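A short worksheet on the structure shown next.
Here, residue 1 is the first one in the sequence, and each next residue gets the next number. Remember, it's a predicted structure, so these values are computed and weren't measured experimentally. Atoms considered below: every heavy atom in the structure, side chains included; atoms not considered: hydrogens, waters and symmetry mates.
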Amino acid sequence: MTPPAEQPPVRAIAALLEDEYAHAILVHTSTEPMSAGELSDACGASDSTIYRRLERLQEYDLLAEQLQIDREGHHYTTYRARLDRIEIELEDGAFEVTIDYQPDDAVDRFTDLFEGLR
C-alpha cells in the first residue's frame with residue numbers, strides 16, 4: 001500500500017489509467033511479464049510510445065522491471081504489472097488515492113539482489 005505522504009495525485013493516476021497505451025500495458029503485463037518489443041506489438045504502438053508509457057507507469061510504481069537472460073547469455077528487460085488495486089476516496093473535501101501492490105515473489109527478490117551485486 002502507498003504510504004499517505006507518498007500518495008500520487010488523483011488526476012495524475014486517473015489520466016494515466018485512462019491513457020489507452022498505459023491501460024493496455026497494465027492489462028497485458030498482469031498475466032505475464034513482457035518486453036517493450038512484445039508490448040509494442042501487442043498494443044499496436046511504436047517503441048517510443050511504449051517506452052514513454054513504461055516510464056510513466058514506473059514513476060507510480062505500477063510496473064516492475066525484471067532482467068531476463070536467454071540461453072545464449074543475452075539479457076533483456078521485461079515488465080510486470082504491480083498494480084493490484086486502486087482506491088479513490090473523497091474525504092473531508094479532498095481526494096485520497098490508495099494503491100495496493102501485488103507482493104513481490106522470490107524470483108523478483110533474487111533478481112533485485114543479483115542486480116544489486118553487479
Side-chain angles (χ1 to χ4, degrees):
M1 184 153 59
T2 304
E6 298 177 20
Q7 290 183 358
V10 68
R11 288 183 182 187
I13 289 293
L16 184 58
L17 294 176
E18 190 175 336
D19 179 273
E20 72 175 291
Y21 297 117
H23 180 102
I25 288 168
L26 287 172
V27 169
H28 288 298
T29 60
S30 70
T31 57
E32 65 179 315
M34 297 178 76
S35 69
E38 291 169 329
L39 286 166
S40 179
D41 291 342
C43 297
S46 68
D47 288 346
S48 61
T49 297
I50 294 299
Y51 279 111
R52 280 193 302 274
R53 294 328 186 276
L54 291 172
E55 186 176 302
R56 289 187 59 210
L57 289 164
Q58 286 179 303
E59 284 177 28
Y60 294 103
D61 219 12
L62 300 178
L63 280 181
E65 195 174 281
Q66 299 172 317
L67 182 66
Q68 302 291 329
I69 301 174
D70 64 20
R71 291 185 174 156
E72 290 81 37
H74 301 105
H75 65 278
Y76 60 99
T77 302
T78 59
Y79 302 89
R80 177 184 56 81
R82 293 198 61 229
L83 175 62
D84 189 40
R85 175 182 150 166
I86 294 179
E87 185 175 302
I88 301 172
E89 294 182 284
L90 179 58
E91 187 174 307
D92 297 326
F95 283 103
E96 290 189 27
V97 177
T98 304
I99 301 175
D100 293 332
Y101 298 98
Q102 295 179 3
D104 290 334
D105 60 19
V107 173
D108 294 336
R109 289 190 303 275
F110 178 76
T111 300
D112 292 342
L113 175 66
F114 178 76
E115 284 296 304
L117 294 174
R118 292 176 11 140

Least distance between heavy atoms, [X] atom then [Y] atom:
X   : Y   : value
G93 : L90 : C-CD1, 4.1 Å
C43 : I50 : CB-CD1, 4.0 Å
T78 : S35 : CG2-N, 4.0 Å

Pairwise salt bridge (Lys or Arg N to Asp or Glu O under 4.0 Å) hits with a residue in residues 42-55, at least two apart: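 Non-adjacent pairs meeting salt bridge (Lys or Arg N to Asp or Glu O under 4.0 Å): D19-R53.
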
Salt bridge (Lys or Arg N to Asp or Glu O under 4.0 Å) contacts touching residues 23-43 (sequence neighbours left out):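 Salt bridge (Lys or Arg N to Asp or Glu O under 4.0 Å) check on residues 23-43 returns no pairs.
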
Reported [atom1]-to-[atom2] distance for the pair [X] and [Y], which is rounded to 0.5 angstrom:
X   : Y   : atom1 : atom2 : result
L39 : Y79 : CG    : OH    : 8.5 Å
H28 : M34 : NE2   : CE    : 6.0 Å
R80 : Q66 : CZ    : CD    : 5.0 Å
L17 : H23 : CG    : NE2   : 8.5 Å
L54 : I25 : CG    : CD1   : 4.5 Å

Let me check something: do [X] and [Y] share a hydrophobic cluster, defined by ILVMFWY side-chain heavy atoms less than 4.5 Å apart, either directly or through other members?
X   : Y   : result
F95 : V97 : yes
V27 : I13 : no
Y60 : I88 : yes

Side-chain heavy atoms of Y101 within contact of D84, under 4.5 Å: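 A side-chain contact is absent here, since even the closest heavy-atom pair is not under 4.5 Å.
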
Close side-chain approach of I99 to L62, heavy-atom, < 4.5 Å: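 I99 reaches L62 side chain to side chain.
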
D61: salt bridge (charged side-chain N to carboxylate O under 4.0 Å, His left out) partners, not counting sequence neighbours: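 Once residues adjacent in sequence are excluded, the partners of D61 under the salt bridge (charged side-chain N to carboxylate O under 4.0 Å, His left out) criterion are R82.
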
Side chain T77, main chain L67, donor-acceptor under 3.5 Å: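 Absent.
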
